[in-house]
Each structure stands twice: as C-alpha cells, then as structure tokens.
J.: 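My questions all concern the structure below.
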Amino acid sequence: MEKLANYINGQPTAPQSGKYLDNYNPAEGKVYSLIPDSDANDVAMAYTAAENAFATWANLPSAQRAQILSKIADLIDRDLEKLALAESIDNGKPVSLARVMDIPRASANMRFYATAAMHFASESHLTEGEAINYTLRTPIGVVGCISPWNLPLYLFTWKIAPALAVGCTVVAKPSELTPMTAFLFSQLCIEAGLPKGVLNIVHGLGPKVGQAIVEHPKITAISFTGGTVTGKTIAATAAPMFKKLSLELGGKNPNLVFADCDFEKAISTSIRSSFSNQGEICLCGSRILVERGIYEKFVNEFVAKTKQLKVGDPQDNTTNLGALVSEAHMKKVLSYIELAKQEGGKILVGGSQAKVFGRCENGYFVEPTVIVGLNHTCRTNQEEIFGPVVTIIPFDDENEGVMMANSTPYGLAATIWTENLSRAHRVAQQVKSGIIWINCWLLRDLRTPFGGMKQSGVGREGGWEAMKFFTEAKNVCVKI
Ligand code: NDP
C-alpha cells in the first residue's frame, strides 16, 4: 500500500514516530493508502527548515519567486488529469468536478499570487511641509497554513500561494482526510526547483499536528480554513501568544429568492449552489428563502430538478453527486436529516443514505435532500450541516426575508435573486455576509476580499488582503 511522506526541507520525509494512519477512498469505503501520523517533533523539524530558508527566500527578488510559483502552476496544469483523479479518489467528489474546478483553481491560485508578488506596492503619505511617511511591508516570517478536506488542493494553494509570494516560508497541514494532492504537490515543488525549506508539509491529525503548528512559539501567523469549533480552539491557543490570525470558518448561507427573479436561472443555479461537491462547499446555499408568491412553484420545480440528479461513482462522468468525505461525516449529515424530521420537517426528496452498486457499494453516499415545513429558528436551520441537504422556507416581504437571512450565528455568503436593481443593492447592504452574489453563485474574482462575518471568520483573504496578512507593516517617517 502506498505510503505518503511529509515534505520537509525539500525532501520526502517519514514521520519521526514511524507511525501511519489509514487513508480512505470514501466512494469504496476502503483504505487505499497510508499517511504519516506526524506529531510536534515533525512540526519542530519543519519549523527549523522553514526558519533556515526564510532569509534567502524573503530576499529573493519578487520576480524570481514569481517564476518558481508560476512553474508550479504550469506543472499543475500539466498534471491536471492525474491530480483530478487523485482528488476524486481521496475526497469522493466527481472527477468531472475536480477537473473543471479544484485543479484549475489550484493552478490559478499559484499563478495569481505569482504575478501579484511583482505588483505588490505600499502606501506613502505626505505630511504637508513636514515629512514623508512610507509604509514598509516585509514578510512576517515562518507562517502556518491549515486547510480542510472539502476542496483540498484548491484551499491548500489558496493559503500557501500568497504566503510564499510575499516571501514568507511555510509549515502547512492539509486535512488528514484528504492528504493526497498536497503530497503530489510536494513532488511538483521539488520538480519546479522550489528551494528547500520554503514550503514544508506535515501530514497528520488536527489536534496533534495542527495544534502543534498553532502552539509553536515562533510561528508568527496562522491562516486557517475549517470549522467554527476548530477556529475557536485555534483562536484560544493563539490569542495569548499574540499571533496574527486569519480564520475562514463555517457558514449557513441563505439564498434569497424574490418573486421578481428570473425563475429559470434562480432554479438551475440554486440546484448547483445546493448540491455541488455534495453540498460540501462552505459557500453552498443551504437555506433557500423564497417569497411566498412563487413558493409553491419554486418548491415543485426544485424538487423535480433534484430528482434528476445522479448520485453515483465519482469516476463516472455523468455523476452529479459523489461520496461524502468519510463515514463519520455521512453519519453526521444523516443525523441532521433525522433531527429535521423530529423538528417537524417534511422530506420532499432524498432523506437517506444513497445506494450505489458495483465497486462503490460500501461508499458513503447521501441522497440530495430537500426539506420544507421548518421554522427559520430551529436547529436544522441554524447549524451547519455541510452536506447535500437544503431547506426551503417561505417569506412574506423583503424585511422578513432579510431578517431570516440574518438569523443565524454565521455570515459567510448569501445569494440574492431579483430583477429589481434597487432591491438587489438594498438587500445586499442589509444582509450580514462577507460575500453577496446577485443573480449568480460562486463567481469568483481572486482580487476581491474573501471571508465571513460573525462566526464565519475573522479577517479577509484574497487579493491584497492576503498579501497584507502575510506581511508586517512599518511606518517610516522622514522629516523634510
Ligand atoms: P476542521 O475544522 O475539522 O478541520 C480543518 C483543518 O484543521 C484540518 O486540517 C484539521 O485537521 C485541522 N485541525 C483540526 N483540529 C485542529 C486543531 N485543534 N488545531 C489546528 N488544526 C486543527 O474542518 P473540516 O476539515 O471538517 O472542514 C469543514 C469545515 O470547513 C466546514 O465547517 C466548512 O464550512 C469550513 N470551510 C470554510 C471555508 C471558508 O472559506 N470559510 C471554506 C471551506 C471549508 P484534520 O482534518 O486532520 O482533523
């Protein structure tokens, strides 16, 4: 069975303990590779490598850093098929999705920040007649990047690319559930000539490896994407050490559909925003709020379209929904469907584990599920499920729609469907989410600020925001 390795000081490296963890193929429910069960000793080794590499990497002209990062992007493009298949096997997602979303986006992240490195500039302020101030921005040092399992290579590169571009060196931990593409990525880094120690990847469990990264006294900043509960633990650990933190956390995103929307577009995009990647995207809209005038028509059409979706072998190009990432996660999602029933919800379609035959008969599949009849305040409508489960709730007017949209502890993303321009802008201002899509979903420009309000996170990533996060600003005041 294949044994994955950590990537430390430019080398594939076995965990110091010699221990490994099982890595599952969730579509088959079978172990197919082994990953290092690393611990604080491996993190310490990775830190030392990153620290030793820091001065040289930080002082390299940005054009040279950009060249290496662009080379990595080219190699990702070259290996598109191999990486898409690896992502699909590791995570359970349809290979057809990984081919058009995860892997192209990973190379786009690397290329975007490679070029950003060459355009990064800082401010200057003239204090009339007295002084010129300028802002010096220098890479913050060795940073920790911790990423989740839902978009493994996509979110891994989203974190490390800006860090490397500004001249930081990195100790990174991908999710233990989906380590494979980060492992393949380390091979591409070696091929691209990334200097040793600049990026270090330590595989293993969150509470062991992730916690050791957060606790390391000399890792100066942590960029984390994952669940809100883990985010709280990280914040509690890092705050007394005054570490800089970027936390991208969970969501319970509303999809506000007004009666004056373009109905067909609202339906087809809402199907995508509900069930893409089995609903395991932090930006998926899991609460569909529909204006009462079109509620019945919307529900009927939405249910009919949901019934057409195919749950199946992730390697079959006609599959719409693949497997959930793990048995534990499947059980969690199914438990929320049971909770919805207890809370009085009516399941219109789905509601059970999906049976897929052949090689996938033991996989972790869940039927796309649509639930109605629940109040917006119940647990099903307040807690993140992170699976192919949506609720549809009617509202009577704009005020009530906005109130329901804002009624959860989360504030990551929201989608608004209306053809009324004034309403679109008005509602966009009132909904408390870091990202608002109007008449679209998941349309991303990498220059825009990305992140959540309330319990969906702290700070923003994307564009200059990420470049600024990984640098320390210093004001230099020169008397004239
Ligand atoms: P987790 O919070 O469980 O894990 C995220 C990462 O943190 C994993 O690498 C995990 O390792 C690691 N980790 C776990 N415990 C600790 C710890 N104590 N200290 C440091 N690191 C730790 O999230 P999931 O992987 O389950 O991802 C799903 C969640 O991520 C959802 O809530 C989703 O909404 C959110 N998410 C948010 C996004 C955003 O941009 N706001 C984007 C994508 C997802 P391991 O897996 O080994 O336990």
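Please read these numbers as outputs of a predicted model, since none were measured by experiment. Counting convention: from 1, in listed order, for ligands and their atoms alike.
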J.: Considering only non-hydrogen protein atoms, determine which one is nearest to atom 42 (C) of ligand 1 and report residue, atom name and distance to 0.1 Å.
T.: C282 SG, 2.6 Å
J.: Which residue and atom name correspond to the protein heavy atom nearest atom 37 (C) of ligand 1, and how close is it?
T.: L249 O, 3.1 Å
J.: Is it the side chain (CB and beyond), the backbone, both or neither of L155 that lies under 4.0 Å from ligand 1, heavy atoms counted?
T.: side chain
J.: At a 4.0 Å threshold, what atoms of ligand 1 neighbour a non-hydrogen atom of F450?
T.: 40 (O)
J.: Taking distance alone, with no angle check, do Q211 and ligand 1 share an N/O pair under 3.5 Å?
T.: yes
J.: I'd like to check which ligand 1 atoms, numbered from 1 as shown, lie under 4.0 Å from a non-hydrogen atom of G204.
T.: 47 (O)
J.: Return the SG to CG distance between C282 and L412, rounded to the nearest 0.5 Å.
T.: 5.5 Å
J.: What protein heavy atom is closest to atom 7 (O) of ligand 1, reported as residue, atom name and distance in Å?
T.: F224 CE1, 3.1 Å
J.: For L205, is at least one N or O under 3.5 Å away from an N or O on ligand 1?
T.: no
J.: Within a distance under 4.0 Å of any heavy atom of E176, pick out the atoms of ligand 1 and give their elements.
T.: 45 (P), 46 (O), 47 (O), 48 (O)
J.: If you measure from atom 8 (C) of ligand 1 to every heavy atom of G210, S147, A236, C145, which option wins on shortest distance?
T.: S147
J.: For ligand 1, does N150 get within less than 4.0 Å through its side chain, its backbone, both, or neither, judged by non-hydrogen atoms?
T.: side chain
J.: What part of I234, side chain, backbone, both or neither, has a heavy atom within less than 4.0 angstrom of ligand 1?
T.: side chain
J.: Both conditions, 6.0 Å and 45 degrees, for the charged tip of K355 above the ring of F365: are they met here?
T.: no
J.: Tell me, please, whether F386 has K332 positioned over its six-membered ring: NZ or CZ under 6.0 Å from the ring centre and within 45 degrees of its axis?
T.: no
J.: What protein heavy atom is closest to atom 13 (N) of ligand 1, reported as residue, atom name and distance in Å?
T.: G206 CA, 3.4 Å
J.: Number the atoms of ligand 1 from 1 as they appear, then name those within less than 4.0 Å of a heavy atom of T230, with their elements.
T.: 1 (P), 2 (O), 3 (O), 13 (N), 14 (C), 15 (N), 16 (C), 17 (C), 22 (C)
J.: Looking at W158, is R105 sitting on its ring face, NZ or CZ under 6.0 Å from the six-membered ring centre and within 45 degrees of the normal?
T.: yes
J.: Look at atom 24 (P) of ligand 1 and say which protein heavy atom is nearest, naming residue and atom and giving the distance to 0.1 Å.
T.: W149 NE1, 3.2 Å
J.: Heavy-atom distances under 4.0 Å are what count here, so tell me which part of E384 touches ligand 1: side chain, backbone, both or neither.
T.: side chain
J.: Short list, please: which atoms of ligand 1 are under 4.0 Å from a heavy atom of I146?
T.: 6 (C), 7 (O), 9 (O), 12 (C), 20 (C), 21 (N)
J.: Does any N/O atom on K173 come nearer than 3.5 Å to any N/O atom on ligand 1?
T.: yes
J.: Using a strict 4.0 Å threshold on nitrogen-to-oxygen distance, state whether K30 and D22 make a salt bridge.
T.: no
J.: Backbone or side chain, does any N or O of T233 fall under 3.5 Å from an N or O of ligand 1?
T.: no
J.: Could you check whether any heavy atom of G451 sits closer than 4.0 Å to an atom of ligand 1, since that is the contact criterion I want to use?
T.: no
J.: Is there any N or O on V214 that sits under 3.5 Å from an N or O of ligand 1?
T.: no
J.: Tell me which protein heavy atom sits closest to atom 46 (O) of ligand 1, plus the residue, atom name and distance to 0.1 Å.
T.: S175 OG, 2.8 Å
J.: Short list, please: which atoms of ligand 1 are under 4.0 Å from a heavy atom of L412?
T.: 41 (N)
J.: As a test of understanding, state which of Q11, Q16, M45, H203 forms a side chain to side chain contact (heavy atoms under 4.5 Å, CB included) with N6.
T.: H203
J.: Centres of the F156 and F185 rings: under 6.0 Å?
T.: yes
